Amino acid sequence: MKKIFTLCVVAAFITAGYAQTYTVETVPNTKLINNSYVSDPARILHDTTVARINQLLTDLEKNATAQVAVVMLPSIGSDDHVDFAQRLFRQWGIGQASNDNGLLILFILDQRTIRFHTGYGVEGILTDATCKRIQQRHMVPHFKNGDYNTGMLRGIEATVNILQQPEAIEEIMAQTDAVAGIGGLYFFLGGIYGIILIIVAISRLIKGSSRSIDRFRLSWKRWFLYYAMVPGLYVILTTVLEPPFLVFLVGMYILMVTFFIERYFRAMRVSESMLNELGQQDAYNFLNQQKSYWISAAVVAFIPMIFVFLNWRKKRDYYRNRPLICKKCQSTMQKLSEAEEDEFMHSGQIAEEKAGTVDHDVWRCAACGSIESLRYPNATTKFTHCPKCNFLTYYFGARRTIQSATYSADGYGEEERTCLHCGHHHIDKYIIPMLVASSSDSSSSSSDSGGSWGGGDSGGGGASSSW
């Protein structure tokens, strides 16, 4: 009599169009919609049952990190329910990606089947036999009577009780620890290095070319070998061997210092060639442009980079103070003092020195009286070249808002620039973008209503029961 009643109920559902056929793609992923663990598009369960299940599974994820998706479908057509469960599990990514601790409970009304599909990380806790026992003891007896609410609730309660046992939580957490162990840490650090490497490669592509940059740059093949292949092999090796973290750090330190020293010798080689071909001014400016880099290297790797930094500074200063040879008479020239050189400098050059944008060295030949001036710009100056006199004495004076921006219109302002040498003054107008209403309220409300699965995977474990 009970079976006849059940068949009548199923037939009534089908007659009413209740048994819509669902595919993996059309099953509503309610975790993304309203952060619900239950997808019940045909409303097979009562709202109170869904609310209770959601509370149980929310507490479970909070306490044990495990994720359980409950899917109630009237029909999946002629699809095999195990294959359907596997595809749905992977498409949604149920469970945390770090330990695959997901479980899919799939209910198919017209096939009269309940399926537990487990992720890799819970297969040891929810074995096939355990899943089958939960279904047969707590769910199938109620399903036979057409009481799907009680059957689902009792089965999920039994499942949650098992997953919340201290030993079960410990096993689930152990899965996370295994992935996030020392080898995982090395792999994670290698990933960070990879991201930095990509950023450097992009900046290398878009960075403007210049005479000194072209001389100094490594070829793409060497750059990839030094900074991608060698560190990549080191990360793979340490991830596999999992040496103590101190050993890993020492290896990284040696690798980093090796890169620093390789760059140092390359800089010295380029500067020597520039000295011979272009002169000491270009050689000095080339090395001086790298000042912040070598200071940072000395801070990051104090030993031995402090000695490399001191040697770099000595070489840079040597280029600047190396006696010039007079181009007219080939005699040795003398460098004038700061007080003496003003007599032979242009007023614009003096203004540049006062502004701290350029330092000029004046050399005089004692034999023929020839004068030669060498220019050493400050790489960090905020001054620009004046459009009128072309000296590096053009500076930003003041910036003020003339008309404030509103939610309906742009505003604008003015900024002044003045030359310290010739007094050239110019005012530029700039646009202040229109104000935009904050969407923080709507975004926060949407984030409250929606969630996500963790990217877990399944190997197809679990069990099914029919009634």
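Not measured: the values here are computed from a predicted model.
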Looking at [atom1] of [X] and [atom2] of [Y], how far apart are the two atoms once the value is rounded to the nearest 0.5 Å?
X: R115; Y: L104; atom1: CZ; atom2: CG; value: 9.0 Å
X: S273; Y: F286; atom1: OG; atom2: CZ; value: 8.0 Å
X: L73; Y: T113; atom1: CG; atom2: OG1; value: 12.0 Å
X: S408; Y: L435; atom1: OG; atom2: CG; value: 9.0 Å
X: I295; Y: I306; atom1: CD1; atom2: CD1; value: 9.5 Å
X: L106; Y: L103; atom1: CG; atom2: CG; value: 11.0 Å

Is the closest side-chain heavy-atom distance between [X] and [Y] below 4.5 Å?
X: S39; Y: Y22; result: no
X: I156; Y: Y37; result: no
X: Y186; Y: Y234; result: no
X: H142; Y: Y148; result: no
X: L60; Y: L56; result: no
X: K429; Y: I427; result: no
X: R154; Y: M139; result: no
X: H385; Y: Y394; result: no

[X] (side chain) donor-acceptor with [Y] (main chain) under 3.5 angstrom:
X: T357; Y: L392; value: yes
X: N63; Y: Q164; value: no
X: D40; Y: L45; value: yes
X: N378; Y: V358; value: no
X: T401; Y: G413; value: no
X: D100; Y: D457; value: yes
X: S75; Y: D110; value: no
X: N101; Y: Q96; value: yes
X: D410; Y: M434; value: yes
X: N34; Y: S36; value: yes

Neighbour count above 12 (heavy atom, 6.0 Å) for [X] [atom1]:
X: R87; atom1: CZ; value: yes
X: K132; atom1: NZ; value: yes
X: H46; atom1: NE2; value: no
X: I192; atom1: CD1; value: yes

I'd like to know whether I44 forms a side chain to side chain contact (heavy atoms under 4.5 Å, CB included) with F107, so could you lay out the CA-CA distance, the side-chain angles of the two residues, the decisive distance to 0.1 Å, and finally the verdict. CA-CA 10 Å; I44 299 172; F107 176 97; 4.1 Å; yes
Under the side chain to side chain contact (heavy atoms under 4.5 Å, CB included) rule, what do V235 and T239 come out as? Steps first, then yes or no, please. CA-CA 6 Å; V235 169; T239 301; 3.9 Å; yes
Are the aromatic ring centres of W223 and F216 under 6.0 angstrom apart?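 No, ring centres 6.0 Å or more apart.
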Centroid-centroid distance, Y293 to Y264, less than 6.0 Å: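 No.
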Chi angles and distances behind the side chain to side chain contact (heavy atoms under 4.5 Å, CB included) call for E157, H138: CA-CA 9 Å; E157 286 175 343; H138 302 283; over 6 Å; no
Would D59 and Q55 count as a side-chain hydrogen bond (donor to acceptor under 3.5 Å, both in side chains) here? Give the steps. CA-CA 6 Å; D59 293 341; Q55 185 61 56; 3.1 Å; yes
K144 NZ/CZ over W467 ring centroid, <6.0 Å and within 45° of normal: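 Verdict for W467: no cation-pi partner in K144.
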Under 6.0 Å from the ring centre and within 45 degrees of the ring axis: does the NZ or CZ of R399 meet both conditions for the six-membered ring of Y430?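 Because its charged atom sits under 6.0 Å from the ring centre and within 45° of the axis, R399 does stack over Y430.
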If every non-hydrogen atom of S458 is compared with every non-hydrogen atom of H117, which pair is closest and at what distance?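 Reported closest heavy-atom pair: OG-CD2, 3.4 Å.
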Closest approach of G454 and Q67, non-hydrogen atoms and distance?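 G454 and Q67 have their closest heavy atoms at N-OE1, 3.1 Å.
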Whether the S466 and R112 side chains hold a donor-acceptor pair (N or O, under 3.5 Å, no angle test) is what I'd like checked.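 Per modelled atom types, S466 and R112 side chains form no pair under 3.5 Å.
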Hey, are T26 and T23 close enough side-chain-wise for a donor-acceptor pair under 3.5 Å?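 Result is yes, a qualifying pair exists.
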Evaluation steps, side chain to side chain contact (heavy atoms under 4.5 Å, CB included), between V70 and L57: CA-CA 10 Å; V70 178; L57 299 184; 3.9 Å; yes
When the ring planes of Y395 and F383 are compared, do they come out parallel, tilted or perpendicular, using 30° and 60° as the limits?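 Answer is tilted, since the angle falls between 30° and 60°.
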What do the steps show when you test F309 against F302 for ring-ring contact (aromatic ring centres under 6.0 Å, His included), and what is the final call? CA-CA 10 Å; F309 169 76; F302 187 76; over 10 Å; no
Tell me the side chain to side chain donor-acceptor pair (under 3.5 Å) pairs involving residues 251-263, sequence neighbours left out?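 Qualifying pairs: E262-R266.
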Taking NZ, NE, NH1 and NH2 as the nitrogens, is one of them in E272 or R269 under 4.0 Å from a carboxylate oxygen of the other?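 Between R269 and E272 there is no salt bridge, as every charged N stays at least 4.0 Å from the carboxylate O atoms.
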